[in-house]
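In what follows, a structure is listed as structure tokens, so that the remarks can point back to it.
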Amino acid sequence: MEPKIKQVDSMAANRIHNGFYGQDIISVSQFDRARLDYILGVGNEMKILVERFGSADLLQGKILANLFYEPSTRTSSSFMAAMLRLGGQVIPINNVQYSSVTKGESLPDTVRTLESYADIIVIRHPEVGSAATAAHYASKPVINAGDGVGEHPTQALLDLYTIVEALGEVGGLKVAMVGDLKFGRTVHSLTKLLVNYPVEFTFVSPEILRMPKDVLDVVAASGHRYEEREDVHEIIGDVDVLYVTRVQKERFTDLAEYDMVKDRYVVDPELMSRAKERMIIMHPLPRVNEISYAVDNDPRAAYFRQMRNGMYIRMALLAAVLGKA
Ligand code: NCD
């Protein structure tokens, strides 16, 4: 059953039924191949638009509330840039300590407040399920920009876009994810998104940071093969995509445990010398020590392209949800 269409635009003429209009974007499980192709295609158009013209007036008169309860550089500023480049405006709430949240205001009331001013809400919050909660109370569309250790669907979409851009197609690729697979929401979403394609998964992590069972269950249920490893050297020569993650210090209850695993994997020129010539190394950023700066100029380093692609994909999502794609 399609979720109900939320309040977006009173002009029926603007209602383009692309399957995104008026919808919340909470989880990658909302995406099938047709929807993925659509968003990647619109993302491409947004890239061309920005390169040729810089901006457009597609979302003129629309307002985005950008509500961030957790730190962010790329996700929050790329959503802002996406809205501004499409001619819309943004209410940025990056410092919830200066908002009524500090006075004890609940998430539902904060969302009800913001939707009385804005047409769409982007939310990042430390609790799993928070974006779904916000969407439940909101009559305007809500986009999940990271719900704790749960999901980060817009990151997975920009990751997918970057893979296709770099390697042409996804089918047949060997994808290895490395680092904090337990707490890293980006790898949870990317894994669940990639089951839409015939890929092989390798999950490389210390024992205490293994991929959660619910994500592995999705992989297995979709008929995909996966391997779990601890040593990145054993697999580096064989992979097409090496997706590196930061150990999520803020999610640890025991910092001694964090210290034990924080520098387990470091991608450096020595490791890259064992990798295939045609492969990419990805990272959602921010990095701490996982990728040495000496790798940045390697043509296989795709992490700076990822962050630029984030703006195009978020432009595509905003336009699609607001019925203007
Ligand atoms: C990631 C996040 O917030 O989950 N960053 C991002 O959105 N690009 C990854 C991280 O914080 O390590």
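If you're wondering where the values come from, they're calculated on a predicted model, not measured in any experiment. Numbers here are sequence positions counted from 1.
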Tell me whether [X] contacts the main-chain N or O of [Y] through its side chain, where contact means a donor paired with an acceptor under 3.5 Å.
{"X": "Asn66", "Y": "Ser76", "value": "yes"}
{"X": "Asp119", "Y": "Ile63", "value": "yes"}
{"X": "Lys140", "Y": "Ala118", "value": "yes"}
{"X": "Asp57", "Y": "Gln60", "value": "no"}
{"X": "Ser106", "Y": "Asp109", "value": "yes"}
{"X": "Gln30", "Y": "Asp24", "value": "yes"}
{"X": "Ser78", "Y": "Thr75", "value": "yes"}
{"X": "His188", "Y": "Leu181", "value": "yes"}
{"X": "Asp147", "Y": "Ala131", "value": "no"}
{"X": "Arg287", "Y": "Arg246", "value": "no"}

- Show the numbers, then the answer: is there a side chain to side chain contact (heavy atoms under 4.5 Å, CB included) between Leu255 and Lys249? CA-CA 8 Å; Leu255 280 181; Lys249 183 177 184 181; 4.0 Å; yes

Is [Y] reachable from [X] through a run of I, L, V, M, F, W or Y residues, each pair having side-chain heavy atoms under 4.5 Å apart?
{"X": "Tyr303", "Y": "Tyr265", "result": "yes"}
{"X": "Ile143", "Y": "Leu190", "result": "yes"}
{"X": "Val170", "Y": "Tyr38", "result": "yes"}
{"X": "Val241", "Y": "Leu158", "result": "yes"}
{"X": "Leu64", "Y": "Leu157", "result": "yes"}

Are [X] and [Y] side-chain neighbours, meaning at least one heavy-atom pair lies under 4.5 Å?
{"X": "Val96", "Y": "Leu67", "answer": "yes"}
{"X": "Ser116", "Y": "Arg112", "answer": "no"}
{"X": "Met279", "Y": "Met272", "answer": "yes"}
{"X": "Tyr243", "Y": "Pro284", "answer": "yes"}
{"X": "Val149", "Y": "Gln248", "answer": "no"}
{"X": "Asp217", "Y": "Lys213", "answer": "yes"}
{"X": "Arg124", "Y": "His152", "answer": "yes"}
{"X": "Lys62", "Y": "Leu86", "answer": "no"}

More than 12 foreign heavy atoms under 6.0 Å from [atom1] of [X]: is that the case here?
{"X": "Arg308", "atom1": "CZ", "answer": "no"}
{"X": "Phe304", "atom1": "CZ", "answer": "yes"}
{"X": "Gln89", "atom1": "CD", "answer": "no"}
{"X": "Asp231", "atom1": "CG", "answer": "yes"}
{"X": "Tyr258", "atom1": "OH", "answer": "yes"}
{"X": "Arg33", "atom1": "CZ", "answer": "yes"}

Please find the pair of heavy atoms, one from [X] and one from [Y], that lie closest to each other, and give the distance.
{"X": "Glu290", "Y": "Thr245", "answer": "CG-O, 3.4 Å"}
{"X": "Ala301", "Y": "Val295", "answer": "CB-O, 3.6 Å"}
{"X": "Val219", "Y": "Phe201", "answer": "CG1-CD1, 3.7 Å"}
{"X": "Val28", "Y": "Ser189", "answer": "CG2-O, 3.5 Å"}
{"X": "Tyr69", "Y": "Pro126", "answer": "CB-CD, 3.8 Å"}
{"X": "Met46", "Y": "Ala316", "answer": "CG-N, 3.9 Å"}

- Task: Apply side chain to side chain contact (heavy atoms under 4.5 Å, CB included) to the pair Met315 and Glu45, showing each step before the final yes or no.
- Result: CA-CA 10 Å; Met315 288 171 78; Glu45 285 171 22; over 6 Å; no

- Option from Thr186, Val261, Leu209, Val244 for which side chain to side chain contact (heavy atoms under 4.5 Å, CB included) with Asp180 holds: Leu209

- Looking at Leu242, Val239, Ile236, Val178, which one forms a side chain to side chain contact (heavy atoms under 4.5 Å, CB included) with Ile281? Leu242

Distance in Å, [X] [atom1] paired with [Y] [atom2], rounded so as to fall on 0.5 Å steps:
{"X": "Leu58", "Y": "Leu322", "atom1": "CG", "atom2": "CG", "value": "9.5 Å"}
{"X": "Thr191", "Y": "Tyr226", "atom1": "OG1", "atom2": "OH", "value": "11.5 Å"}
{"X": "Lys182", "Y": "Arg210", "atom1": "NZ", "atom2": "CZ", "value": "11.5 Å"}
{"X": "Tyr197", "Y": "Ser222", "atom1": "OH", "atom2": "OG", "value": "13.5 Å"}
{"X": "Asn44", "Y": "Ile313", "atom1": "CG", "atom2": "CD1", "value": "8.5 Å"}
{"X": "Lys192", "Y": "Leu194", "atom1": "NZ", "atom2": "CG", "value": "12.5 Å"}

- Message: side chain to side chain contact (heavy atoms under 4.5 Å, CB included), that's the test. Do Val247 and Phe252 meet it? Break it down for me.
- Response: CA-CA 9 Å; Val247 180; Phe252 282 73; 3.6 Å; yes

- Below 4.0 angstrom, N of the basic side chain to O of the carboxylate: do Glu165 and Arg305 qualify? no

- Message: Between Arg185 and Glu250 (salt bridge meaning N to carboxylate O under 4.0 Å), is one present in this structure?
- Response: no

- Message: Quick check with a 6.0 Å cut-off and a 45 degree axis cone: is Arg314 positioned over the face of Phe79's six-membered ring?
- Response: yes

- Query: Do you see a donor-acceptor pair shorter than 3.5 Å between the side chains of Ser27 and Glu151?
  - Reply: yes

- Tested for salt bridge (charged side-chain N to carboxylate O under 4.0 Å, His left out) against Asp240, the lone hit among Lys276, Arg300, Lys174 is Lys276

- Going through the checks in order, is the side chain to side chain contact (heavy atoms under 4.5 Å, CB included) test met by Val142 and Glu115? CA-CA 10 Å; Val142 171; Glu115 74 169 355; over 6 Å; no

- Message: Under the criterion ring pair (Phe, Tyr, Trp, His ring centres under 6.0 Å), I'd like the reasoning laid out for Phe31 against Phe20: C-alpha separation, chi angles, the key distance, then a yes or no.
- Response: CA-CA 10 Å; Phe31 291 83; Phe20 288 95; 5.7 Å; yes

